[in-house]
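Heads up: the structure comes next, in structure tokens.
Numbered from 1 within each chain, the chains take letters A, B, ... in sequence-line order. Predicted model, so just to flag it, every value in this text is computed and none were measured. Side chains are part of it too, since the values below use all heavy atoms of this structure and drop only hydrogens, waters and symmetry mates.
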There are 2 protein chains.
Amino acid sequence: MLLTSACKYGIQATIYLGMQKDDSFVSIKKIAEEFTIPFHFLTKVLQLLTQAGIVESTKGAKGGVRLGKDPDVITLFDIIAVIDGEGIFHDCMLGLPGCGLNTPCPAHEFWAPIRTKYEKSARAISLKDLASDTISKNLRIGK
Amino acid sequence: MLLTSACKYGIQATIYLGMQKDDSFVSIKKIAEEFTIPFHFLTKVLQLLTQAGIVESTKGAKGGVRLGKDPDVITLFDIIAVIDGEGIFHDCMLGLPGCGLNTPCPAHEFWAPIRTKYEKSARAISLKDLASDTISKNLRIGK
DNA sequence: CAAATAACGGACAATTTTGTCTTAATTACA
DNA sequence: TGTAATTAAGACAAAATTGTCCGTTATTTG
Ligand code: FES
Ligand code: FES
């Protein structure tokens, strides 16, 4: 599995937030229902993103979450790194310590280019890209 | 995590088998010690590969495992598919059912090319490639 | 044939991930 | 000021993955 469920949920939620027209708060419950994500689980995922500054939240009536930065400067890399960690972008495919050209494993030549492409693409794609694509091409985020 | 631990162990073990000079059986215990893999766990992983014909085994003294096919025709794809399944090569990055051009998700344009490269490379690299590289370049498989 | 070796197979335990529930804290609004 | 709404936080449960243990079966060797 490339991404944990937590991370998939986080990406769905942030794309959804990126699609909002104004900057009012959206309740987590609403997002959870929209994509059929377990509410309390999504709560914890969004707390991670909130702590990282990617998402802002307020409690109470009319509270909820919204993006904490311009969707232009939030990348897919940022979201994945916060929830799943940067391991997927740096680690040895076989789990050996210290992947690098000094002490490569047999899979290195195979994996390093793919991983690099994955990281570069993830750093290059912003939440604005994802959200505006979703709107303009009427894509599905969930279901 | 890209690969499960089970799959990483399986790849390490099969590369090791591909490096053997003759076609005698190697005990699983030996492999487990070589790479510090939990013995009984490796046993089960290799049973999967045995059932798939990638590995052959015999019980009893002088028993063990060896490759069940020419290392030339066993690909990294085969090994991953047997242990972790083909999901990583086909599934939607966000976990939505039926990834495809008909009903893409916002991540599809990002993920599909990487996944394709991953699959093509995995199908193109054989156990012989991995094993002979390991020998000629003195690479580490474990530790 | 007996003993040692080694894969097979099932049960079970530990750990991690995922999901649920309950209470507390904070905010809007009537 | 009080009530409803909503995130935060922690405890707990379920499920999946990983790891351990034990008995069985099969094979070699003396
Ligand atoms: S050392 Fe294993 S992928 Fe780089
Ligand atoms: S539909 Fe999501 S990656 Fe293809």
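Two residues are said to be in side-chain contact when any heavy atoms from C-beta on lie closer than 4.5 Å; A:I114 and B:S121 meet this criterion. With contacts defined as side-chain heavy-atom distances shorter than 4.5 Å, the pair A:Q12/A:I37 qualifies. A:D72 has its side chain out of reach of A:L127: every pair of non-hydrogen atoms, C-beta onward, lies at least 4.5 Å apart.
In this view, B:D78 satisfies the salt bridge (Lys or Arg N to Asp or Glu O under 4.0 Å) rule with no residue, not counting sequence neighbours.
Each of D:dG19, C:dT18, D:dT18 was ranked by its minimum atom distance to the side chain of B:A6; first place goes to D:dT18.
As rounded to whole Å, 16 Å separates atom C1' of D:dA11 from atom CZ of A:F41. Atom P of nucleotide C:dT17 and atom NZ of A:K8 are separated by 14 Å, given to the nearest angstrom. Taking atom CG on A:L48 and atom P on D:dG10, their separation rounds to 13 Å, with Å as the unit. One can place CG of A:L42 at 16 Å from P of C:dC21, the figure rounded to the nearest angstrom. At whole-Å resolution of the value, CG in B:D84 and P in D:dA16 are 16 Å apart.
Screening B:I83, B:V45, B:I79, B:I141 for a side-chain contact (heavy atoms from CB on, under 4.5 Å) with B:I11, the sole residue that qualifies is B:I79.
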Would you tabulate the nitrogen or oxygen pairs shorter than 3.5 Å linking the protein to nucleotides 6-9 of chain D?
from, atom 1, to, atom 2, distance (Å)
D:dT6, O4', A:G60, O, 3.1
D:dT6, O2, A:G60, N, 3.0
D:dT7, OP1, A:I28, N, 2.5
D:dT7, O3', A:S57, OG, 3.2
D:dA8, OP1, A:S57, OG, 2.7

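Taking only side-chain nitrogens and oxygens, A:Y9 never comes nearer than 4.0 Å to OP1 or OP2 of C:dT18.
Annotation: B:Y118 is in aromatic contact with A:F110 [ring centroid separation under 6.0 Å].
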